[in-house]
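Just so we're on the same page: letters track the sequence lines, and every chain starts at 1.
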Amino acid sequence: MIRVLATPFDPWSAIAEHQVAMQRDGEYGACATFVGTMRDINEGDQVKGMTLEHYPGMTEKHLEKIVVSAREKWQLLDTLLIHRVGDLLPNEPIVLVAVWSAHRKDAFEACRFIMEDLKSQAPFWKKESLSNGDKQAEKNRWVEKNTSGY
Amino acid sequence: MIRVLATPFDPWSAIAEHQVAMQRDGEYGACATFVGTMRDINEGDQVKGMTLEHYPGMTEKHLEKIVVSAREKWQLLDTLLIHRVGDLLPNEPIVLVAVWSAHRKDAFEACRFIMEDLKSQAPFWKKESLSNGDKQAEKNRWVEKNTSGY
Amino acid sequence: MTQSKNEHSMTIKVLYFASLKEVFGCAEQVINSTGMSTVDDVWRHVSAGCEVQQSVLNAVNQEYAASDTAVKAGDEVAFFPPVTGG
Amino acid sequence: MTQSKNEHSMTIKVLYFASLKEVFGCAEQVINSTGMSTVDDVWRHVSAGCEVQQSVLNAVNQEYAASDTAVKAGDEVAFFPPVTGG
């Protein structure tokens with residue numbers, strides 16, 4: 001399941017609910033998950049907020065493509081992928097990837113693969129709102145590039 | 001935090017609670033988790049229950065050692081490791097590893113490292129209770145060996 | 001009456017995202033022009049006079065494309081900087 | 001009066017886990033014997049007459065050890081099959 005959400009979500013209850021709803025009890029031996037969360041510091045600057053822009057339509061298509069590609073490479077039982085858009089505050093979850101499989105190798109590798117493809121290819125863009133010190137004017141800046149996670 | 005539990009646990013609420021209790025809001029950008037769950041089939045046989053034996057004392061020491069070793073290799077903010085012992089039913093969680101870090105590479109790699117070391121080194125032993133077909137007598141068998149997850 | 005392909009006037013929807021949206025001052029425009037066979041033709045058409053100082057990715061009909069990817073009437077062409085989600 | 005090390009009688013606690021516990025018919029025994037300097041000496045002492053047909057790991061005082069690891073009076077020595085947790 002793929003969801004693009006404009007409001008905050010709780011990753012752990014989302015996983016728990018999906019795990020019940022998918023009705024694979026007894027089949028999955030492994031669930032690997034990743035949750036990306038907004039930090040309050042980036043590149044040495046205090047970040048007080050963030051806006052996540054995306055390309056509606058292409059985003060969903062691309063996320064779907066990533067999941068299909070992971071299912072071709074590994075034996076997976078189910079996947080859950082949630083990504084926030086809109087205005088975020090520090091400590092809010094940005095992305096959730098959860099992968100269920102019979103065995104751990106598939107779950108671990110597919111989860112990481114999905115995250116790396118998402119970070120390098122999915123059409124989302126972050127703009128940070130900075131507040132450095134009391135007197136300094138607020139600044140907004142686009143995050144320029146994601147670094148590779150491998 | 002390391003816990004060896006003789007009763008069932010809910011991995012998602014355990015993570016959620018730990019994440020609040022650790023008081024690292026705004027610092028962690030990445031949380032990688034793994035949950036291992038009891039399947040109802042193993043090596044082609046229907047498994048109706050499992051007993052997890054361990055070596056009290058050495059278990060906790062060894063798990064502590066794995067976590068220390070992961071913290072030496074990667075930049076981690078916190079870890080949570082829970083392992084069941086005693087009698088389990090299919091679909092009950094066996095193990096939970098959760099790793100919080102500023103960046104995803106550290107979280108992913110440390111989570112997998114902890115799981116692999118645990119599977120190959122931590123002193124736990126599984127005995128399965130099988131029920132193959134209606135008339136066949138129940139059998140118990142020790143799981144002989146964990147396979148490598150890399 | 002026949003026309004060479006490049007002479008054919010066609011309508012294309014162009015989208016801009018993130019910093020490029022700010023550079024172009026709009027999120028979306030519809031262009032109607034002749035002489036556009038590829039993504040690069042569209043880019044030269046819309047960026048004439050703009051200083052774009054960053055790497056630009058593009059998509060045709062919501063799929064990643066290359067600068068020499070063909071475009072046809074009715075296509076949706078998007079230009080955007082490197083992605084930073086996740 | 002002096003004794004050579006191997007002649008010294010000492011008490012060692014020996015633990016068995018999983019299938020080895022079933023082979024030995026007990027989880028724990030205390031042995032008091034002479035001639036035990038290493039883990040392997042302990043193993044030969046306890047397994048005399050037993051057919052153990054699997055690989056056996058060991059630990060001394062709750063840390064993995066080798067068969068030539070030294071043991072001393074009061075040590076806890078454990079024998080067990082390959083681990084299967086997680």
If one checks every heavy atom of D:Ala59 against chain B at 4.5 Å, the contacting part turns out to be side chain
Note to self: Can you tell me how the ring of D:Phe80 sits relative to the ring of D:Tyr64, calling it parallel under 30°, perpendicular over 60° and tilted otherwise?
What the structure shows: perpendicular
Check: D:Gln29/D:Tyr16 side-chain N/O donor and acceptor closer than 3.5 Å = yes
So, the part of B:Ser120 with a heavy atom under 4.5 Å from chain D: the answer is backbone
Does the plane of the ring in D:Phe17 sit parallel, tilted or perpendicular to the ring in B:Trp125? Use 30° and 60° as the thresholds. parallel
*asked:* As a quick check of understanding, evaluate side-chain contact (heavy atoms from CB on, under 4.5 Å) for B:Lys48 and B:Asp40, giving each step before the final call.
replied: CA-CA 6 Å; B:Lys48 61 177 201 176; B:Asp40 57 17; over 6 Å; no
Answer key: most heavy-atom pairs under 4.5 Å with chain D among B:Asn146, B:Leu118, B:Val95 is B:Asn146
Cut-off 4.5 Å, heavy atoms of chain B, and the answer for D:Leu57 is neither
Applying a strict 4.5 Å limit to non-hydrogen atoms, the region of D:Gln54 in contact with chain B is neither
Under 4.5 Å to a heavy atom of chain D? For B:Lys119 that would be both
Of the listed B:Met115, B:His83, B:Arg84, B:Lys145, the one with the largest count of heavy-atom pairs under 4.5 Å with chain D is B:His83
The interface call for B:Lys126 against chain D, heavy-atom contacts under 4.5 Å, is both
Got D:Leu20 and D:Val56 here, is their nearest side-chain heavy-atom distance under 4.5 Å? yes
Cut-off 4.5 Å, heavy atoms of chain D, and the answer for B:Glu144 is backbone
If you count every heavy atom of other residues, nucleotides or ligands that lies below 6.0 Å from B:Gln75 atom CD, does the total exceed 12? no
*B:Lys139 bridged to B:Asp45 by N-O distance under 4.0 Å*: no
